[in-house]
Number of protein chains: 2
Amino acid sequence: MTKQREIILEELRKLKTHPTASDLYDIVRKRLPKISLGTVYRNLEILAEMGLIKKLEIAGKEKRWDGDISKHYHFRCVKCGKVEDIFLKDEDLEKLDSFFKNYINDNVKFEEMNVEISGLCKDCNTINN
Amino acid sequence: MTKQREIILEELRKLKTHPTASDLYDIVRKRLPKISLGTVYRNLEILAEMGLIKKLEIAGKEKRWDGDISKHYHFRCVKCGKVEDIFLKDEDLEKLDSFFKNYINDNVKFEEMNVEISGLCKDCNTINN
DNA sequence: CTATGTGCAAACTATTTGCCGTCTG
DNA sequence: CAGACGGCAAATAGTTTGCACATAG
């Protein structure tokens with residue numbers, strides 16, 4: 001666990017946003033001005049393999065990262081790309097799981113279900129109208 | 001509506017897979033050997049704006065396209081990237097909508113809800129074990 | 001005829017990688 | 001000290017764009 005890796009983890013955990021590698025690069029650089037973007041990419045992958053952070057399986061051309069590894073879903077704005085958390089009540093998590101299992105079991109086996117809701121966020125929707 | 005645009009649309013509609021631009025480029029080139037990849041990209045965007053096809057808001061580094069514009073969701077294999085359709089019964093579409101509206105209304109306004117389930121598909125799951 | 005589209009190649013963006021010197025355990 | 005890691009710059013993958021010519025309406 002190098003200084004670089006530690007600080008990347010620390011900064012990611014502080015954020016409620018779901019930053020891209022380069023968002024995080026900008027933040028981490030304030031504390032480690034010489035760090036390289038490649039190091040940020042490498043460490044994010046490693047931290048995710050270690051189970052300390054989560055690589056989001058989310059639409060959009062840039063990958064996003066989440067310091068909160070508890071079970072939750074995401075809402076993603078198709079216009080500005082902002083990603084917000086959706087925490088379900090436990091009972092609803094179960095409901096949702098069994099809901100989709102009805103459709104899925106025959107075709108595919110799955111380990112994990114990710115639900116991504118997308119649409120226009122409040123801000124973008126307001127600008128639009 | 002040029003020959004190129006017409007053939008791209010025609011070929012996309014034939015497919016149940018959810019091809020990337022370059023998948024489609026390979027297919028279309030059999031009929032139009034001189035077509036360029038840029039033309040495929042340009043026309044896919046245009047056809048989506050026209051509402052004739054759908055640009056999938058789906059994870060993964062490559063964009064995917066769907067010739068079926070009816071309401072349905074997708075399952076995406078995190079290993080091989082394959083995307084399969086999930087068609088819900090009408091009653092279930094409604095259930096799901098209201099289910100998530102409970103969580104979403106306060107935070108965001110949305111036009112459209114896309115649900116993407118991801119996990120391991122049957123094939124990848126079999127290889128894994 | 002003229003606005004729109006095409007082919008081609010170059011540009012761009014996000015990400016990955018090779019190399020070589022540096023640090024950690 | 002050995003193996004893992006970091007900085008840098010070059011390579012790669014997917015996508016977009018500028019330009020000059022071609023085509024649809």
Side-chain angles (χ1 to χ4, degrees), chain A residues 1-12 17-66 76-83, chain B residues 1-12 17-66 76-83:
Chain A
M1 183 60 81
T2 60
K3 194 101 197 163
Q4 287 89 335
R5 190 169 301 164
E6 202 180 313
I7 291 183
I8 290 168
L9 178 57
E10 218 175 284
E11 292 297 330
L12 179 55
T17 61
H18 303 76
T20 64
S22 90
D23 291 340
L24 220 31
Y25 173 58
D26 291 338
I27 291 165
V28 169
R29 227 175 352 165
K30 289 178 189 150
R31 296 176 59 186
L32 295 174
K34 301 209 61 185
I35 199 172
S36 79
L37 184 54
T39 298
V40 175
Y41 276 104
R42 270 187 289 232
N43 278 313
L44 286 170
E45 289 291 345
I46 291 168
L47 288 166
E49 267 165 44
M50 296 166 82
L52 296 173
I53 67 172
K54 200 159 183 315
K55 188 201 293 196
L56 299 185
E57 297 290 344
I58 236 174
K61 61 187 165 209
E62 292 168 276
K63 268 180 205 149
R64 291 177 170 274
W65 304 87
D66 198 335
R76 182 179 141 273
C77 179
V78 294
K79 193 164 173 207
C80 68
K82 187 165 55 194
V83 175
Chain B
M1 183 60 82
T2 58
K3 194 99 197 167
Q4 287 88 333
R5 189 168 302 163
E6 201 180 315
I7 291 183
I8 290 167
L9 177 58
E10 216 175 285
E11 292 299 328
L12 179 56
T17 61
H18 303 76
T20 64
S22 91
D23 291 340
L24 220 32
Y25 173 57
D26 291 338
I27 291 165
V28 169
R29 226 176 350 164
K30 289 178 190 152
R31 295 177 58 187
L32 295 174
K34 301 211 62 189
I35 198 172
S36 80
L37 184 53
T39 298
V40 174
Y41 276 103
R42 270 186 290 230
N43 278 313
L44 286 170
E45 288 293 346
I46 291 167
L47 288 166
E49 266 164 45
M50 296 167 81
L52 297 173
I53 66 173
K54 200 160 183 315
K55 189 201 292 197
L56 298 186
E57 295 290 344
I58 236 173
K61 60 187 165 210
E62 292 168 274
K63 268 180 205 151
R64 291 175 170 275
W65 304 86
D66 199 334
R76 182 179 142 272
C77 179
V78 293
K79 195 166 172 205
C80 69
K82 185 166 55 194
V83 176

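What's counted below: heavy atoms across the whole structure, side chains too, no hydrogens, waters or symmetry copies. Sequence lines set the chain letters: A, B, ... in the order given, protein chains first and strands last, and positions in each chain run from 1.
- Comparing C/dT15, D/dA13, D/dT16 by their nearest atom to the side chain of A/Glu62 picks out C/dT15.
- OP1 or OP2 of D/dC5 has not a single side-chain nitrogen or oxygen of A/Asn43 nearer than 4.0 Å.
- Between the CZ atom of B/Arg5 and the C1' atom of D/dT23 there is a distance of 12 Å, given to the nearest Å.
- Distance, A/Leu32 CG to C/dC23 P: 14 Å, rounded to whole Å.
- Applying the 4.0 Å criterion to OP1 and OP2 of C/dC23, one finds that A/Gln4 has every side-chain N and O outside that range.
- Taking the side chain as every heavy atom from C-beta outward, A/Lys55 and A/Leu44 never approach each other to under 4.5 Å.
- Among the heavy atoms of the strands lying under 4.0 Å from A/Lys63 are primed sugar atoms or P, OP1, OP2 only; no base atom is included.
- Separating the CD1 atom of A/Ile35 from the P atom of D/dA9 is a distance of 16 Å, rounded to the nearest angstrom.
- Mapping B/Lys61 and A/Ile46 onto DNA chain D via the closest heavy atom, the residue that lands nearer the 5' end is A/Ile46.
- Here C/dG5 presents its P atom at 11 Å from CE of B/Met1, a figure rounded to the nearest Å.
- DNA chain C is contacted by both A/Arg42 and B/Lys34; B/Lys34 maps to the nucleotide lying nearer its 5′ end (nearest heavy atom per residue).
- Neither OP1 nor OP2 of C/dT6 sits under 4.0 Å from any side-chain N or O of B/Ser36.
- Nucleotide D/dG6 holds its C1' atom 17 Å from the CD atom of A/Glu45, rounded to whole Å.
- In this structure, A/Tyr41 does not reach the C/dT16 phosphate: none of its side-chain N or O atoms is under 4.0 Å from OP1 or OP2.
- Note: CD (B/Glu6) to P (D/dT23) measures 16 Å, nearest angstrom.
- When all heavy atoms are compared, the tightest approach of A/Leu12 to A/Trp65 is CD1-O, 3.8 Å.
- At whole-Å resolution of the value, CZ in A/Arg29 and P in D/dG6 are 17 Å apart.
- Rounding to the nearest 0.5 Å places CD1 of B/Ile8 at 7.5 Å from OG1 of B/Thr2.
- Put simply, OH on A/Tyr25 is 15 Å from C1' on C/dT16, counting in whole angstrom units.
- You'll find the side chain of B/Arg76 reaches within 4.5 Å of the side chain of B/Val78, heavy atoms only.
- Counting any heavy atom pair closer than 4.0 Å across all strands shown, B/Leu37 reaches a base atom.
- Checked for salt-bridge contact, A/Glu6 and A/Arg31 miss the test: no charged N lies under 4.0 Å from a carboxylate O.
- For the pair A/Thr2 and C/dT24, the criterion of a side-chain N or O lying under 4.0 Å from OP1 or OP2 is not met.
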